[in-house]
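Please read these numbers as outputs of a predicted model, since none were measured by experiment.
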Amino acid sequence: MSATTVRQPRSAARSPGPASVRAFTVDWRPLAIPAFRRMWAASVICAVGGSFSVVAVPTQLFTVTGSSGAVGAAAGVSFAALIAAAVWSGARADVMDRRTMLLAADLGLALTYAALWLQAVLGGRSVPVLLVAVAFQGLTYGTVLTTTGSTVPRLVPAELLPAANSLSSLVRYGGSVLGPMLAGVLVPVVGLGTLYLFDAVALLAVVWAVAMLPPLPPLPPPAAGTQDAANAAATSSGAGGISNAAGTAGAGGTEGARGGGRGSSAAGWGSSAAGRMLAGFRYLAADRLLVAVLAVDLAAMVFGMPSALFPELARDVFGGTAGGGPETGLLYAAYPAGVVVAGLLSGTFTRARRHGALVAGAAVAWGIAVVLVGLASELWIALAALALGGAVNCVLSAFRTTITQAHTDDALRGRVQGALTVVLVGGPQIANLLHASASAHLHDLTGAHLHDLTGAHLHDLTSAHLHDAAAAGVLYGPRLVICAGGLLTVVTVAAITWAIPDLRRYIAPAPATAPAPEPEPGPEPESEPVVARTSPAPSGERVSSAPASRARAGLR
């Protein structure tokens, strides 16, 4: 090796060329970072072996009570607890060691599953006990979701966040398919109680991975005039590192370059929990880019997530049985299958830098896919549209999370992640309520039209008559609601993107690399300008402006 040769960071050295097959398959680059690799491997175990309670809890409640009302009550308790935990833990994650928080939350979740196993072994049939356990499950899981989201940017450099988030989506949705399927097979063999025990044991892998992390205390505010030193540290640290005990930037040192500790004084250190939460909401509301990202994501979820109508759609349009059947199962499986396929091809999009345009474009594509689902008169068309929607939502999820992580000061990242968790969890719940209510009301409005077509009143129509109406191209009930939701998604996202151009103009900062050697004498090669956070943005384009947003929010 010559004296002028510079060793490139692993992430840069392993970047495949455009013609490489690896550029079109799973982007594994974040797994070169030991801390993230351990956490991701543990999440693989937990996504399958730790998701059995999704089936076990409602099954046990229905067995004990014989009523779906108890199952709905448990879902409501879990949702309320999760939302409360997301807001509270987001504020706590900004002022205490995040590894400690994750360790406590994962241990609490494992103990909750162990308690559920114990009550099942003892033959417990107490609904209040089950509801209390479900509440603890929601509290601990909400804390895990929020704290993990604010921890990942401390483990991987900014340029690898899209790949890291797509890997997480691949595991989450893959586990949501395989876990319940495996649980359904195991229930008659080992019983419900053993499923809880499997969940508790699987979580021990996550506890181990979190325990192996370095300390992750809040980043101290940078001293005045140290920006050059921070940039130098970002250049020299390399992509393989992780945060040190002092909580400085890791994995490429990008926290220093981005000014990850800039908002430490705004974090409300020493203030009350309510004050910290309020400061976080002010910061979020004052940042136009973050507002646009969350608004686009919420619109796509609330207006364009028609999963509540799948049973009705399967029965009335695709000729399925009233009690559920293969058609219903396929409709529910198509969306996560599309997410998994996109995750397996994540190399095709994780290296892109126009994150804002990709978020808006993916949300519009999702709305169009939903419209195709509503228009479909054949099951295979609906399944293909849902799979396509899952694929574009994988892109939306990866870059939505990346923007909120990379654009936010580390001192406020926990609270912003808590708001994101509320959107992620609350959006589908609101969508279920809106879609189901709209479909029920539209039955009366479409009855007269269907009466002209079939000669029978709506409530007297059989599934066969409704299926024939669908084949004839008649939009009614669930199909009309689904189409309207998809169109509303497209219109709303387009309006948000037009009203807040910061989103479509946002470009991720250029990756931090080692300094290049002195060039040989000769003409300089031409190259396209690169938009970086530390450089002025070209006309019409936008890079992160977290300090200005914080100033508008009144945070000093």
Quiz item: Got a second to check how far L284's CG is from L290's CG, nearest 0.5 Å?
Solution: 6.0 Å
Exercise. Evaluate the side-chain contact (heavy atoms from CB on, under 4.5 Å) criterion for residues T421 and L82: first the C-alpha distance (whole Å), next the side-chain angles of each, then the deciding distance (0.1 Å), finally the verdict.
Key: CA-CA 9 Å; T421 301; L82 197 152; 4.0 Å; yes
Practice problem: Calculate, to the nearest 0.5 Å, the distance between atoms CD and OG1 belonging to Q417 and T151 respectively. | Solution: 9.0 Å
Practice problem: Search all heavy atoms of G138 against all heavy atoms of A85 and return the closest pair with its distance. | Solution: O-CB, 4.2 Å
Self-check item: Residue pair D94, R413: steps toward the salt bridge (charged side-chain N to carboxylate O under 4.0 Å, His left out) verdict
Solution: CA-CA 7 Å; D94 289 335; R413 193 173 277 149; over 6 Å; no
Quiz item: Is the backbone of T59 close enough, under 3.5 Å, to the side chain of T63 for a donor and an acceptor to pair up by distance?
Solution: yes
Quiz item: Below 4.5 Å, heavy atoms only, C-beta onward: do F318 and E378 meet side chain to side chain?
Solution: no
Practice problem: Determine the minimum heavy-atom distance between T492 and A299, stating which atoms define it. | Solution: CG2-CB, 3.7 Å
Self-check item: Heavy-atom pair of closest approach, residues I403 and V359
Solution: CD1-CG2, 4.0 Å
Quiz item: Roughly how far, to the nearest 0.5 Å, is CD of Q405 from CZ of R154?
Solution: 13.0 Å
Quiz prompt | M96 and P218, any side-chain heavy atoms less than 4.5 Å apart | solution = no
Quiz prompt | Polar side-chain atom of N393 near backbone of L396 as donor-acceptor pair, under 3.5 Å | solution = no
Self-check item: Residue pair Q137, Y113: steps toward the side chain to side chain donor-acceptor pair (under 3.5 Å) verdict
Solution: CA-CA 8 Å; Q137 181 189 27; Y113 289 141; 3.1 Å; yes
Practice problem: Give a yes or no on whether W380 atom CH2 has more than 12 heavy-atom contacts from other residues, nucleotides or ligands under 6.0 Å away. | Solution: no
Quiz item: Would you say V87 and T146 make side-chain contact, with heavy atoms under 4.5 Å?
Solution: no
Quiz item: Would you call P311 and R315 a side-chain contact if the rule is heavy atoms closer than 4.5 Å?
Solution: no
Quiz item: Does L216 offer a backbone N or O that forms a donor-acceptor pair with the side chain of R98 under 3.5 Å?
Solution: no
Self-check item: L186 CG to L192 CG distance, which is reported to the nearest 0.5 Å
Solution: 11.0 Å
Quiz item: Roughly how far, to the nearest 0.5 Å, is CG of D106 from SG of C46?
Solution: 7.5 Å
Quiz prompt | Heavy-atom donor-acceptor pair, E312 side chain to L309 backbone, under 3.5 Å | solution = no
Quiz item: Once the angle between the rings of Y335 and W366 is folded into 0 to 90°, is it parallel (under 30°), tilted (30 to 60°) or perpendicular (over 60°)?
Solution: perpendicular
Quiz item: Is it true that a side-chain atom of S150 and a backbone atom of T147 form a donor plus acceptor pair closer than 3.5 Å?
Solution: yes
Quiz prompt | Nearest-0.5 Å distance, CE of residue M305 to OG1 of residue T489 | solution = 9.5 Å
Practice problem: Evaluate the criterion side-chain contact (heavy atoms from CB on, under 4.5 Å) for residue pair L433 and Q429; output intermediate values, then yes/no. | Solution: CA-CA 7 Å; L433 177 62; Q429 299 291 337; over 6 Å; no
Self-check item: Name of the residue among L424, V425, I430 meeting side-chain contact (heavy atoms from CB on, under 4.5 Å) with M301
Solution: L424
Quiz item: Are V57 and L130 close enough, and set up right, to give a side-chain contact (heavy atoms from CB on, under 4.5 Å), and what steps lead you there?
Solution: CA-CA 8 Å; V57 169; L130 283 171; over 6 Å; no
Quiz item: Taking R37 for the side chain and P30 for the main chain, is one N or O donor matched with an acceptor at less than 3.5 Å?
Solution: no
Practice problem: Examine distances only and state if a side-chain atom of D199 and a backbone atom of F52 form a donor-acceptor pair shorter than 3.5 Å. | Solution: yes
Quiz prompt | Sub-4.5 Å side-chain heavy-atom contact between Y141 and F136 | solution = no
Practice problem: Could you check N165 against T401 for side chain to side chain donor-acceptor pair (under 3.5 Å), going step by step and ending with a plain yes or no? | Solution: CA-CA 7 Å; N165 290 319; T401 305; 4.9 Å; no
Quiz prompt | Heavy-atom side-chain contact between V293 and F399 under 4.5 Å | solution = no
Exercise. Apply side chain to side chain donor-acceptor pair (under 3.5 Å) to the pair T350 and S166, showing each step before the final yes or no.
Key: CA-CA 8 Å; T350 51; S166 65; 5.6 Å; no
Quiz item: What heavy-atom pair brings N432 and S307 nearest, and what distance separates the two atoms?
Solution: OD1-OG, 3.4 Å
Quiz item: Between F310 and Y332, does the ring centroid distance fall short of 6.0 Å?
Solution: yes
Quiz item: Sequence neighbours excluded, which residues qualify as ring-ring contact (aromatic ring centres under 6.0 Å, His included) partners of F303?
Solution: none
Practice problem: Give the minimum heavy-atom separation between A406 and L161, together with the two atoms involved. | Solution: CB-CD1, 3.9 Å
Quiz item: Ignoring hydrogens and geometry, is there a side-chain-to-backbone donor-acceptor pair from T348 to L345 under 3.5 Å?
Solution: yes
Quiz prompt | Pairwise side-chain contact, T25 with L344, heavy-atom cut-off 4.5 Å (strictly under) | solution = no
Quiz item: Can you tell me if R479 uses its side chain to pair, donor with acceptor, with the backbone of L375 under 3.5 Å?
Solution: yes
Quiz item: Quick one: does R415's side chain have a donor or acceptor within less than 3.5 Å of a partner on S89's backbone?
Solution: no
Exercise. Carefully, step by step, assess V317 and S377 under the rule side-chain contact (heavy atoms from CB on, under 4.5 Å).
Key: CA-CA 7 Å; V317 178; S377 58; 5.7 Å; no
Self-check item: Minimum side-chain heavy-atom gap Q60-L195 below 4.5 Å
Solution: no
Practice problem: Evaluate the criterion side chain to side chain donor-acceptor pair (under 3.5 Å) for residue pair S346 and D27; output intermediate values, then yes/no. | Solution: CA-CA 6 Å; S346 60; D27 191 345; 5.6 Å; no
Quiz item: How close do S78 and V134 get, heavy atom to heavy atom, and via which atoms?
Solution: CB-CG1, 3.6 Å
